[in-house]
2 protein chains.
Amino acid sequence: MRRTKADAEATRQQIICAAERVFYKKGVSNATMEDVAHAAGVTRGAIYWHFANKTDLFMELYKSVPLPQEDMVARELESEDAEVLTVIERVAAEWLDTLANDEQRQRILSILLRCDYTGELSAVLEQQQGVDDGHMQTLEAAFARAAEKGQLGTCWTPKSAASALRWMMKGICSEWLLFGRRFDLASEGREGLRRLIGSLQAAK
Amino acid sequence: MRRTKADAEATRQQIICAAERVFYKKGVSNATMEDVAHAAGVTRGAIYWHFANKTDLFMELYKSVPLPQEDMVARELESEDAEVLTVIERVAAEWLDTLANDEQRQRILSILLRCDYTGELSAVLEQQQGVDDGHMQTLEAAFARAAEKGQLGTCWTPKSAASALRWMMKGICSEWLLFGRRFDLASEGREGLRRLIGSLQAAK
DNA sequence: TAGTTTACAGACAGCGATGTATGTTAAATG
DNA sequence: CATTTAACATACATCGCTGTCTGTAAACTA
């Protein structure tokens with residue numbers, strides 16, 4: 001039965017939404033089109049109508065996900081604030097809170113962390129690297145402003161501080177997402193973050 | 001042509017060695033038995049003679065790999081040394097150095113970080129978690145001894161310090177291994193480590 | 001030394017997943 | 001209102017991969 005244009009878009013979104021859950025549960029390479037179709041309540045025919053293949057479906061899922069609020073992070077980090085380190089900590093803590101409360105974000109990040117980028121998905125990897133590089137630059141710039149104001153501990157450089165924060169964030173997230181969520185992200189993660197930022201700070 | 005007992009063991013090792021490289025290159029679930037056989041210079045028949053299936057091969061690879069030098073780490077961390085934090089830093093730095101120079105270790109860790117533990121490989125995940133838990137306990141105990149001697153900064157608890165170190169190590173390793181090795185692990189990783197430990201230290 | 005077993009190679013059957021081709025129905029179009 | 005076309009469902013051909021089965025030659029054993 002032929003559907004209206006809006007109906008078609010709805011099923012397309014259903015498929016993407018189902019793909020997200022299935023990819024998360026079984027991993028991208030282990031997930032089958034039949035799995036996605038079943039989860040979406042359609043047949044494989046519908047999927048192949050909207051998407052060329054699994055790689056294409058993955059790319060569309062990747063594009064459709066609302067991660068570009070990274071801009072928000074960047075803008076906030078570039079804001080002129082006297083207490084730069086406080087801003088950095090707040091932004092990072094908000095990021096953790098968001099992740100802790102947003103199941104979709106958790107699934108997407110898990111998929112992105114585990115999936116195999118060799119082959120056709122290398123474009124995604126490059127894009128991720130680009131985003132990360134930009135992220136690092138704004139972070140480094142923020143720490144540089146903190147250093148100018150004498151707020152950064154003498155044993156830290158802007159670059160090393162940015163790396164440390166980034167590595168710890170990555171460690172927290174991958175440990176939590178990929179290793180069974182065996183601690184409370186919002187509380188313990190934030191606590192670790194707070195202590196780290198505190199240690200980055202110059203003694204007063 | 002029937003081989004001698006030693007020959008058989010040799011091909012078994014060849015297969016495991018080839019599996020390590022193939023699993024690393026293509027991911028466990030994407031790698032086929034034919035791939036492994038080809039890389040090992042044998043046929044699938046040989047593999048199925050030595051191993052029941054891919055999961056079994058993976059488990060044997062996991063068992064055969066010389067990771068249990070974790071014991072060494074634990075023993076060194078439990079040693080009675082006045083400068084506890086220095087010991088911790090040295091052990092962690094040595095771990096990074098070992099990883100940076102040991103390609104096999106890099107492959108194994110990459111495989112372990114990326115592979116999908118849902119299903120038959122859940123046993124491996126549990127074992128990993130067990131190792132990690134033990135690791136964390138010795139780390140925490142070491143930091144506790146540092147705290148007793150007044151070497152740990154006041155804003156850190158043994159547990160939070162251990163978590164911070166562990167998260168950063170994990171972040172460094174996964175970033176380096178899974179994200180294109182875009183920095184020098186031995187130098188930059190060690191530097192970050194040194195600064196972190198320095199920040200954990202109580203001001204003198 | 002004859003028979004047995006080991007350590008594979010090679011062939012085979014079967015399944016599961018993919019991609020495509022076809023069928024079907026209702027919306028859109030004129 | 002007749003025709004076309006969009007949005008699927010269904011059926012089909014195909015292929016890669018798995019696991020097993022058989023074949024075989026050399027090593028071991030009695």
Side-chain angles (χ1 to χ4, degrees), chain A residues 1-61 64 111 114-116 118-121, chain B residues 1-61 64 111 114-116 118-121:
Chain A
M1 18 181 148
R2 166 84 193 281
R3 310 295 171 77
T4 175
K5 188 89 174 170
D7 286 345
E9 184 56 28
T11 67
R12 193 189 126 95
Q13 289 304 320
Q14 268 187 33
I15 293 171
I16 288 184
C17 181
E20 180 196 309
R21 295 194 305 271
V22 172
F23 286 172
Y24 167 68
K25 218 177 195 175
K26 311 188 65 170
V28 178
S29 54
N30 278 330
T32 166
M33 295 299 239
E34 180 63 38
D35 292 333
V36 177
H38 183 76
V42 295
T43 65
R44 277 171 46 248
I47 300 184
Y48 278 101
W49 171 258
H50 286 283
F51 310 95
N53 49 40
K54 196 160 74 176
T55 302
D56 184 41
L57 174 56
F58 179 87
M59 297 294 285
E60 294 301 311
L61 166 62
S64 82
I111 295 171
R114 284 187 317 195
C115 85
D116 180 25
T118 61
E120 312 188 74
L121 270 55
Chain B
M1 15 178 148
R2 163 86 191 281
R3 311 292 170 78
T4 177
K5 187 91 174 170
D7 286 343
E9 183 56 29
T11 67
R12 193 190 127 96
Q13 290 303 321
Q14 269 188 32
I15 292 170
I16 287 184
C17 182
E20 180 195 309
R21 295 194 305 271
V22 172
F23 286 172
Y24 167 68
K25 218 177 195 174
K26 311 189 66 171
V28 178
S29 54
N30 277 330
T32 167
M33 295 298 239
E34 181 63 40
D35 293 332
V36 177
H38 183 77
V42 295
T43 65
R44 277 171 46 249
I47 300 184
Y48 278 101
W49 171 257
H50 286 283
F51 310 95
N53 48 42
K54 196 159 74 174
T55 302
D56 184 40
L57 173 56
F58 178 87
M59 296 294 286
E60 293 301 311
L61 166 61
S64 83
I111 294 171
R114 285 187 315 194
C115 83
D116 178 27
T118 61
E120 311 188 77
L121 270 54

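Keep in mind the model is a prediction, meaning the values are calculated, not measured. Reminder, nothing fancy here: chain letters follow the sequence lines and each chain counts from 1.
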[X] side-chain proximity, nearest of [options]:
{"X": "B:T43", "options": "D:dA7, C:dT20, C:dG10", "answer": "C:dG10"}
{"X": "B:M33", "options": "D:dT18, C:dC8, D:dA7", "answer": "D:dT18"}
{"X": "A:A46", "options": "D:dA9, C:dA7, C:dT18", "answer": "D:dA9"}
{"X": "B:Y48", "options": "C:dT18, D:dT18, D:dA9", "answer": "D:dT18"}
{"X": "B:T11", "options": "C:dA7, C:dC8, D:dA7", "answer": "C:dC8"}
{"X": "B:T4", "options": "D:dC28, D:dC8, D:dC17", "answer": "D:dC28"}

Check the distance between [N]'s [atom2] and [X]'s [atom1] and give it to me in whole angstrom.
{"X": "B:R3", "N": "C:dA9", "atom1": "CZ", "atom2": "C1'", "value": "10 Å"}
{"X": "B:Q13", "N": "C:dC8", "atom1": "CD", "atom2": "P", "value": "12 Å"}
{"X": "B:E34", "N": "C:dA11", "atom1": "CD", "atom2": "C1'", "value": "13 Å"}
{"X": "B:K5", "N": "D:dA27", "atom1": "NZ", "atom2": "C1'", "value": "12 Å"}
{"X": "B:H38", "N": "D:dG16", "atom1": "NE2", "atom2": "P", "value": "16 Å"}
{"X": "A:W49", "N": "D:dA6", "atom1": "CH2", "atom2": "P", "value": "6 Å"}
{"X": "B:D56", "N": "D:dT20", "atom1": "CG", "atom2": "C1'", "value": "16 Å"}
{"X": "A:F51", "N": "D:dC8", "atom1": "CZ", "atom2": "C1'", "value": "14 Å"}

B:K54 side-chain N/O to B:A31 backbone N/O, donor-acceptor pair under 3.5 Å |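 Such a contact is found between B:K54 side chain and B:A31 backbone.
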Closest approach of [X] to [Y] (non-hydrogen atoms, all atoms of both residues):
{"X": "A:F51", "Y": "A:I15", "result": "CE1-CG2, 3.6 Å"}
{"X": "A:K25", "Y": "B:T118", "result": "O-CG2, 3.9 Å"}
{"X": "B:A37", "Y": "B:T43", "result": "CB-C, 3.7 Å"}
{"X": "A:L57", "Y": "A:F23", "result": "CD2-CZ, 4.2 Å"}

Which residue lies toward the 5' end of DNA chain D, A:R12 or B:N53, if each is placed at its nearest nucleotide?
->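 On the 5' side of the pair lies A:R12.
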Given C:dG16, is OP1 or OP2 found less than 4.0 Å from the side-chain N or O atoms of A:T32?
->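 Answer is no, no contact under 4.0 Å.
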Can you tell me if the side-chain N/O atoms of A:H50 get under 4.0 Å from OP1 or OP2 in D:dC8?
->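 Answer yes for this pair, as a side-chain N or O of A:H50 is under 4.0 Å from OP1 or OP2.
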Determine whether any donor atom in the side chain of B:R44 lies under 3.5 Å from an acceptor atom in the base of D:dG19, or the reverse, and answer yes or no.
->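 Indeed, a donor on one side and an acceptor on the other fall under 3.5 Å apart.
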